[in-house]
Amino acid sequence: MSTNAVTNRLDAARRIAVLAGELANSYFQKFDTLTIDRKGHQDLVSEGDKQVELLVRKEIAVAFPDDSIVGEEHAPVAGTSGYTWVIDPIDGTKPFIYGVPLFGTLVGIEFEGRMVAGVCRLPALNEVVYAAEGDGAWWQIGDAEPTKAVASTETDITQARLMFTEPTSDFRVGRAEVLQNFLQHVRIARGWGDCYGHMLVATGRADIALDPQMSPWDIAALIPIVREAGGSCTDWTGSESVTTGDGVSVAPGLKATVLQMLEDAPPIKGD
């Protein structure tokens, strides 16, 4: 893996994320015309999700035709370069379809099993956080100059700011008591979840973001961003895995405490 190869892909990912965000915004708050389907009892997908992913895939294929592509809404594409792009076109589909601006486009870049770069663009907020391994994490709002994204220095769990996504998910997978335990320890908790909650951790505006269920495309882009900001984004065992099925982003001074609290967490139902 060369530094230039990663940087070139990150630059492309940032450009593509802008295009994806513009397309996502064109569907946002179109309550009368937005087509919405169910993928399961809880999961929803909109026409915006599908079309944004197709745009991202097309741009990647043109720029890096030898790279693999994995996304939430369409079939994987095999490549030969060793690089894999992991896409979530609209992370936070429920906020998106209900007109809440806390959704994001996630583009993660993996090289031989390690997440090496990521972009999280929040189109409705005109905000982006991105990182490449060894180059730090960067946060940009609108046309302002990017600034370093830095995780908080909090070390006391009783002063921590916790973000969570959807308590119904915790109940559904048998992990409600885990969230309840955290709620009894932290100073403040808010349901500003999905990728937005994790970006709050990366930019020092929150200390913990906890998710009992995460697919590879949900977490892949977040891992290098939070890592480069000085924090960690891992599964509940502390591993930088995109396939384990859960995730937590945490400020460095709270990592040991948070992982200890998760150590005895019950398994997802069916495991």
Side-chain angles (χ1 to χ4, degrees), residues 3-30 34 46 48-49 51-60 62-64 85-93 95-109 115-152 161 163 190 192-206 209 220-231 233 249:
T3 300
N4 285 343
V6 175
T7 300
N8 289 343
R9 284 170 172 81
L10 176 63
D11 290 343
R14 291 172 58 197
R15 176 184 61 80
I16 293 168
V18 171
L19 299 176
E22 291 172 349
L23 182 57
N25 277 342
S26 74
Y27 288 95
F28 184 51
Q29 295 185 336
K30 301 297 191 297
L34 183 63
S46 75
D49 293 79
Q51 293 303 318
V52 171
E53 184 168 320
L54 287 175
L55 180 152
V56 173
R57 286 169 172 265
K58 179 180 177 180
E59 294 291 330
I60 294 169
V62 170
F64 299 97
W85 296 65
V86 187
I87 309 162
D88 192 343
I90 297 178
D91 184 72
T93 296
F96 175 74
I97 65 175
Y98 295 135
V100 178
L102 306 182
F103 64 90
T105 294
L106 299 177
V107 182
I109 301 168
M115 297 309 306
V116 295
V119 175
C120 173
R121 185 161 194 90
L122 303 157
L125 302 179
N126 198 14
E127 185 173 339
V128 64
V129 190
Y130 58 90
E133 189 163 54
D135 195 37
W138 298 88
W139 175 26
Q140 184 178 22
I141 299 175
D143 295 326
E145 285 297 313
T147 60
K148 289 291 289 287
V150 181
S152 84
R161 298 158 294 175
M163 303 297 131
R190 289 289 185 270
W192 299 327
D194 298 303
C195 60
Y196 183 64
H198 294 266
M199 291 304 93
L200 292 179
V201 175
T203 55
R205 293 174 285 173
L222 310 180
I223 290 174
I225 293 173
V226 180
R227 184 206 304 141
E228 288 294 316
C233 179
S249 289

If you define the side chain from C-beta out and look only at heavy atoms, does anything of [X] sit under 4.5 Å from [Y]?
X: Cys195; Y: Leu122; answer: yes
X: Val6; Y: Ile109; answer: no
X: Ile16; Y: Ile60; answer: yes
X: Gln51; Y: Leu23; answer: yes
X: Glu133; Y: Pro224; answer: no
X: Asn126; Y: Arg121; answer: yes

Taking atom [atom1] of [X] and atom [atom2] of [Y], what is their separation to the nearest 0.5 Å?
X: Thr93; Y: Asp91; atom1: OG1; atom2: CG; result: 7.5 Å
X: Met163; Y: Leu102; atom1: CE; atom2: CG; result: 11.0 Å
X: Tyr130; Y: Ile225; atom1: OH; atom2: CD1; result: 10.5 Å
X: Ile90; Y: Asp194; atom1: CD1; atom2: CG; result: 12.0 Å

Quick one: closest heavy-atom pair of [X] and [Y], and the distance?
X: Val56; Y: Ala20; result: CG2-CB, 3.8 Å
X: Cys233; Y: His198; result: SG-ND1, 4.5 Å
X: Val226; Y: Ser249; result: CG2-OG, 3.7 Å
X: Cys120; Y: Met199; result: SG-CG, 3.5 Å
X: Phe28; Y: Ala124; result: CE2-CB, 3.9 Å
X: Ala229; Y: Ala202; result: CB-O, 3.3 Å

> Should Lys58 and Leu54 be marked as a side-chain contact (heavy atoms from CB on, under 4.5 Å) after you check the CA-CA gap, both sets of side-chain angles, and the distance that decides it?
Replying inline: CA-CA 6 Å; Lys58 179 180 177 180; Leu54 287 175; over 6 Å; no
> Can you list the residues that meet the salt bridge (charged side-chain N to carboxylate O under 4.0 Å, His left out) rule with Arg57, with sequence neighbours excluded?
Replying inline: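 Arg57: salt bridge (charged side-chain N to carboxylate O under 4.0 Å, His left out) contacts with Glu53.
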> So Phe96 and Phe103, would you call those rings parallel, tilted or perpendicular, with 30° and 60° as cut-offs?
Replying inline: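 Perpendicular.
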When you measure from the side chain of [X] to the backbone N and O of [Y], does any donor-acceptor pair fall under 3.5 Å?
X: Asp88; Y: Leu106; result: no
X: Thr105; Y: Pro89; result: yes
X: Gln140; Y: Val128; result: no
X: Arg9; Y: Ala5; result: yes

>> Checking Arg205 now: which residues fulfil side chain to side chain contact (heavy atoms under 4.5 Å, CB included) with it, not counting sequence neighbours?
In response: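 So Arg205 forms a side chain to side chain contact (heavy atoms under 4.5 Å, CB included) with Glu127, Trp139, Tyr196, Leu200, Thr203.
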> With Arg161, which residues qualify under side-chain hydrogen bond (donor to acceptor under 3.5 Å, both in side chains), at least two apart?
Replying inline: Asp207
> Given Asp135 and Thr7, is the side-chain contact (heavy atoms from CB on, under 4.5 Å) satisfied, shown in steps?
Replying inline: CA-CA 9 Å; Asp135 195 37; Thr7 300; 5.9 Å; no
